[in-house]
Asker: 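Below is the structure I would like to discuss, written out as structure tokens.
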Amino acid sequence: MIRGGLKELERRSQSSGEILGGIPGPSELVEKFKSSLKSFNMEPLGSKEVPPLDLTEIMANLVRQSGPFLDQLGVRRELRDKLVETLYSRQNHSLSADSSLLGDDNSTDELDLRIASVLQSTGYHTDDGLWNEPSKYEVSDNKRHVAIVTTASLPWMTGTAVNPLFRAAYLARNSKQDVTLVVPWLCKSDQELVYPNSMTFSSPEEQETYIKKWLEERLGFESNFKISFYPGKFSKERRSIIPAGDTSQFISSREADIAILEEPEHLNWYHHGNRWTDKFNHVVGVVHTNYLEYIKREKNGALQAFLVKHINNWVTRAYCDKVLRLSAATQDLPKSIICNVHGVNPKFLKIGDKIMADRENGQQSFSKGAYFLGKMVWAKGYRELLDLLDKRKSDLQGFKLDVYGSGEDSQEVQSTAKKLNLNLNFFKGRDHADDSLHGYKVFINPSISDVLCTATAEALAMGKFVICAEHPSNEFFMSFPNCLTYRTPEEFVARVNEAMAREPQPLTPEQRYNLSWEAATERFMEYSDLDKVLSQPVTEGVHRSKTRRTIQSNLSDAMDGGLAFAHHCLTGSEVLRLATGAIPGTRDYDKQHCVDMGLLPPQVQHPVYGW
């Protein structure tokens, strides 16, 4: 088609060339264009060995890209271009025999083609293209895309693995948007440290199959969302997973529409990559963990908590449009609002329905007394529990408590309880939905380190009494009649006696619905502004960063951009990363991640010459 068009243009240009006289006619332009096409019509670069860039070529490109900086130093453009030409001419890797066709800017254009050939030979690929700014997500088939990025994954039974999984499933029920859950992939050595019962996976696909199967066993409908992985490493000191490399790059620009960052502060402590709010149209952070409460319990905790508090403010302001705090137990963050956007596993509501049906049929609902369930580390409420039972031991004569949990502090917790002569029975940790736990009537949870205790919500869903501290983390549960709160040890004893003496009230339909993921998803859509964002059409082909500069160029946005730029610069220094507790080598993913996930090496994804 191009050749046919050129012939037609050449035929028509003959008459116009005679009229225009000495002015270069279209025929001459056609010839030049045809010659340029010939330079593209050569053997594929992949079929020839392409030598790597040498030092002079790298220096030539560096000088060319440093134009604005050299202008500030008073270096004239003519001198700069001459320097580029001199450096590049020392090594001539011409890509075509007709290099004269490139005109006066021969050196500059050949350098462009030379760099492009090296990129192609290494297998480098980017969704956004080499010369263009990242393209904005474009609406297709009237559907939007939501990416949920979290810091943990099953089979690690932690809140940041389970709750984002259910959020993805319930958001995907709406046909207006496609949903992708982005979870960390750990190498086998880290999997052995994190996942229970020495469970490991040889590939992301194998772990994805496990996650989907686990979810299908608990949902009442078929889930319809994708699961994607990003490289992560496990920190033994922090007992958490730290992203390795730029997490945002594992979400294609074609799908970079709406991002939900589960634990935005955790994801961005050491984030060194794209600014989330530049790549996505709307970024929502969901705060799960009260990090300050945990840090204060460590050595030099007050100083560490002070630093972490300000770093959390920094990264959430720089990388989020809206922040949702599950309860007031978390620190006050910029752009934040308090709302419980979590529900309970539908399985627990079914257990509650069965218990209510048994009661209506005259059967005994609960045959056991009180229990506590949680990971056996001091920070999860065990210290508060032992203190309460020790102080009011004389008032709780005959009261027995079964404790279910496993963790790093198991031996120390059990030995302390034995020294205090407390009436506690210890069992290994198990799933809260296990049949052996259905018969308990009272769930005791004295923890004040949680943001919103999932086990408390599950116990209420099963129709049990819950005895917990009057604390901001429990504010959502206080509206339920079966939630009994206390402020002092004396009130704790009174609540225990009250719960043991009577039966829990059945949940009303409204109370049951408020605990469900359907209600949690509605709250999330409203308080995150996602319902408004999804109702607004996206202007195709316009990058968000440009829109921000022209429409919302105010002082606040400038400050946010400055904070993001400063954070990007600081996290690029390995010395500073290590000084602040980062895992060595997490600025980029490692070779094992490349093997497991089929990734190109970081030096190919981010070439040294700056493209």
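By convention here, the first residue in the shown sequence is residue 1. What you see is a predicted model, and the numbers here were worked out from it, not measured in a lab. Every heavy atom of this structure was used, including side-chain atoms; hydrogens, water molecules and symmetry mates were not.
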Asker: Does K347 offer a backbone N or O that forms a donor-acceptor pair with the side chain of N345 under 3.5 Å?
Answerer: yes
Asker: Ignoring hydrogens and angles, tell me if any N or O in the side chain of T316 forms a donor-acceptor pair with the backbone of E265 under 3.5 Å.
Answerer: no
Asker: Could you check whether F221 and Y170 have their ring centres less than 6.0 Å apart?
Answerer: yes
Asker: Measuring only between side-chain heavy atoms, which start at C-beta, is K279 closer than 4.5 Å to S253?
Answerer: yes
Asker: Name the atoms and distances for all side-chain donor-acceptor pairs under 3.5 Å in residues 210-218, with sequence neighbours left out.
Answerer:
unit_1, atom_1, unit_2, atom_2, d
K212, NZ, F225, O, 3.1
R218, NH1, W214, O, 2.9

Asker: Would S473 and D450 count as having a side-chain donor-acceptor pair, cut-off 3.5 Å?
Answerer: no
Asker: Between D190 and L186 (side chain of the first, backbone of the second, donor and acceptor by atom type, cut-off under 3.5 Å), is there such a pair?
Answerer: no
Asker: How close do Y195 and S153 get, heavy atom to heavy atom, and via which atoms?
Answerer: CE2-O, 3.8 Å
Asker: Verify, without hydrogens or angle tests, whether K418 (side chain) and V413 (backbone) share a donor-acceptor contact under 3.5 angstrom.
Answerer: no
Asker: Are side-chain N/O atoms of W269 and N312 paired as donor and acceptor at under 3.5 Å?
Answerer: yes
Asker: Centroid-to-centroid, Y589 to Y230, below 6.0 Å?
Answerer: no
Asker: Are K188 and D596 ion-paired here, with the side-chain N under 4.0 Å from a carboxylate O?
Answerer: no
Asker: Do Y319 and H567 have ring centres separated by under 6.0 Å?
Answerer: yes
Asker: Locate the shortest heavy-atom distance separating D590 from C187; write the atom from each residue and the value.
Answerer: OD1-SG, 4.4 Å
Asker: Taking atom types as modelled and ignoring hydrogens, do the side chains of K375 and Y382 form a donor-acceptor contact shorter than 3.5 angstrom?
Answerer: no
Asker: I want to check something: taking the side chain as every heavy atom from C-beta on, are I258 and F280 in contact at a cut-off of under 4.5 Å?
Answerer: no
Asker: Sequence neighbours excluded, which residues qualify as salt bridge (charged side-chain N to carboxylate O under 4.0 Å, His left out) partners of D390?
Answerer: K393
Asker: Given the rule in the ring-ring contact (aromatic ring centres under 6.0 Å, His included) test, do H342 and F476 qualify, once you have shown the distances and angles that lead to the verdict?
Answerer: CA-CA 11 Å; H342 285 176; F476 176 80; over 10 Å; no
Asker: Run the numbers on R383 and E412 for salt bridge (Lys or Arg N to Asp or Glu O under 4.0 Å), then give the verdict.
Answerer: CA-CA 11 Å; R383 193 175 302 279; E412 190 176 349; 5.5 Å; no
Asker: Of all residues at least two apart in sequence or in a different chain, which pass the side-chain contact (heavy atoms from CB on, under 4.5 Å) check with D178?
Answerer: K143, H145
Asker: Identify, with sequence neighbours excluded, every residue that meets side chain to side chain donor-acceptor pair (under 3.5 Å) alongside Y291.
Answerer: E263, H266
Asker: Classify the side-chain pair R577/T571 by whether it contains a donor and acceptor separated by less than 3.5 Å.
Answerer: no
Asker: State which residues pass side chain to side chain donor-acceptor pair (under 3.5 Å) with D431; sequence neighbours excluded, sorted by chain then number.
Answerer: none
Asker: Sequence neighbours excluded, which residues qualify as side chain to side chain donor-acceptor pair (under 3.5 Å) partners of N224?
Answerer: none
Asker: Is the backbone of Q331 close enough, under 3.5 Å, to the side chain of R325 for a donor and an acceptor to pair up by distance?
Answerer: yes
Asker: Please answer whether the main-chain N or O of Y294 pairs with a side-chain N or O of S449 as donor and acceptor at a distance below 3.5 Å.
Answerer: no
Asker: With R167 as the cation and F524 as the aromatic partner, state whether NZ or CZ is under 6.0 Å from the six-membered ring centre and within 45° of the axis.
Answerer: yes
Asker: What I want to check is whether the side chains of S240 and R238 have a donor and an acceptor closer together than 3.5 Å.
Answerer: no
Asker: Assign the ring pair Y440 / Y371 to parallel, tilted or perpendicular, where the plane angle (0 to 90°) is split at 30° and 60°.
Answerer: tilted
